[in-house]
Amino acid sequence: MERNIRLSEKMFMACLGAMLLFLLLHDWVPLGPFNDPAAVRRENTTGELLLVTVVNGLSVGFLLLLAGLFAGKKYPLWLRSWFVIHSGLILAGAAEAWRLPYLFGADEKRLQRNQAMFGGTRSFLPELNGITADILHAAFHSVLLFSLLLAVYLFVTKINEKPGFLPGFFFPKDADRRQPSPPFRSKAGGISHRFPGGPGGRPAVFNKRPPMHVNISLSSRQCEKYPPSSAAC
């Protein structure tokens, strides 16, 4: 059965895939001036890095698997809710670990760790409160924020299988109502409309015949009672 996967679903899965690649590779694979895996390993043991990589990778990977399995189908409520909750929790963790210290400062130990691991990486934002906002993590946080917005959008619009917007969320019983199809001319000459919900589940057809024109001829004596412009005389 062919599935009609919407663009928002494809974008959401692409964001999850990009996040998964980041979580699996950024602490292990050198990416030029954008990361420093050697410095990260100096500040963390191999076991700690491996645990963080596996837990985060499985978390996002499982979400990506569910998004792929249900793409183009009707999402259950628990899945739509989990999309929003999961993305929100990751974004909150990223904000606590990165954005809040960058804006409001942090303790000396955290500042030293940040400088040791990311001080040599490339950044497009100026250093603030002793925190280096490297490009790689800034890109990851941007994708994470976008994925949260997509998750909220899917939560609202995926109440039905067919693409919809707020009416499908607030009025689920009315979301599947279809508008009548364009009128067509039947063999009998009438104009017909098809509406859903006919007998036996078949479309109901209502015929509207055009008005009949009858030619009436009047005698000369009857025409005297009508004005000369009468079409019947």
Side-chain angles (χ1 to χ4, degrees), residues 6-44 48-68 71 79-157:
R6 295 189 294 166
L7 178 61
S8 57
E9 295 174 285
K10 296 178 181 178
M11 295 172 66
F12 183 65
M13 290 187 290
C15 288
L16 292 178
M19 292 163 53
L20 181 60
L21 288 177
F22 171 84
L23 294 172
L24 294 177
L25 301 178
H26 80 287
D27 284 337
W28 303 94
V29 179
L31 300 174
F34 300 105
N35 69 337
D36 191 355
V40 173
R41 284 194 291 270
R42 284 195 297 267
E43 296 294 323
N44 303 273
E48 291 173 343
L49 290 177
L50 188 61
L51 179 62
V52 171
T53 301
V54 170
V55 171
N56 292 337
L58 288 177
S59 175
V60 177
F62 184 65
L63 199 66
L64 177 59
L65 177 63
L66 291 176
L79 182 60
R80 292 184 287 113
S81 302
W82 184 242
F83 281 166
V84 177
I85 294 173
H86 188 276
S87 301
L89 289 176
I90 298 180
L91 184 61
E96 190 277 332
W98 284 90
R99 298 306 150 200
L100 294 181
Y102 180 78
L103 295 174
F104 304 106
D107 58 88
E108 189 65 26
K109 184 178 180 180
R110 174 177 287 191
L111 296 179
Q112 292 177 357
R113 280 175 55 84
N114 180 272
Q115 284 298 320
M117 292 188 292
F118 308 108
T121 59
R122 183 166 297 178
S123 174
F124 68 95
L125 293 174
E127 182 178 317
L128 184 64
N129 293 320
I131 299 292
T132 301
D134 62 293
I135 292 179
L136 196 60
H137 278 86
F140 171 71
H141 298 159
S142 299
V143 173
L144 180 56
L145 176 60
F146 188 55
S147 68
L148 176 59
L149 296 177
L150 288 172
V152 174
Y153 177 79
L154 291 175
F155 181 89
V156 174
T157 62

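Panel note: side chain S59, backbone N56; no donor-acceptor pair is recorded below 3.5 Å. At least one donor-acceptor pair closer than 3.5 Å links the side chain of D107 to the backbone N or O of K109.
Closest approach of A39 and A116 over heavy atoms only: CB-O, 3.3 Å. Nearest heavy-atom pair, S147 versus L144, reported as atom, atom and distance to 0.1 Å: OG-O, 2.6 Å. The minimum heavy-atom distance between A71 and E9, with the atom names listed, is CA-OE2, 3.5 Å.
Using a 4.5 Å heavy-atom threshold, the side chains of R6 and T157 count as touching. Looking at heavy atoms from C-beta onward, H86 lies in side-chain contact with I90 at the 4.5 angstrom threshold. Side chains of N44 and R113 form a contact here, defined as non-hydrogen atoms less than 4.5 Å apart. In this structure, L58 and V54 have side chains that are in contact, with non-hydrogen atoms separated by less than 4.5 Å. In this structure, W98 and F118 have side chains that are in contact, with non-hydrogen atoms separated by less than 4.5 Å. Between L64 and M13 there is a side-chain heavy-atom pair separated by less than 4.5 Å. When side chains are defined from C-beta on, L150 does not count as touching F83, because their heavy atoms never get closer than 4.5 Å. You'll find the side chain of L91 reaches within 4.5 Å of the side chain of L145, heavy atoms only.
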Distance-only check: which donor-acceptor pairs under 3.5 Å involve side-chain atoms of residues 16-32, not counting sequence neighbours?
{"from": "H26", "atom 1": "ND1", "to": "F22", "atom 2": "O", "distance (Å)": "2.7"}
{"from": "W28", "atom 1": "NE1", "to": "T53", "atom 2": "OG1", "distance (Å)": "3.0"}

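We find the CG-CD1 distance between L100 and I131 to be 11.0 Å, quoted to the nearest 0.5 Å. Of the inter-residue distances, the one linking N114 atom CG with Y102 atom OH reads 11.0 Å to the nearest 0.5 angstrom. With rounding to the nearest 0.5 angstrom, the CZ atom of R99 is 12.5 Å from the CZ atom of F104. The structure places CG of L66 at 5.5 Å from CG of L79, a figure rounded to the nearest 0.5 Å. Annotation: the span from Q112 atom CD to E43 atom CD amounts to 9.0 Å, rounded to 0.5 Å. Here R41 contributes atom CZ and D36 contributes atom CG; the two are 9.0 Å apart, rounded to the nearest 0.5 Å.
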- Carefully, step by step, assess R80 and L154 under the rule side-chain contact (heavy atoms from CB on, under 4.5 Å). CA-CA 7 Å; R80 292 184 287 113; L154 291 175; 5.9 Å; no
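Separation of the F62 and W82 ring centroids does not fall under the 6.0 Å cut-off.
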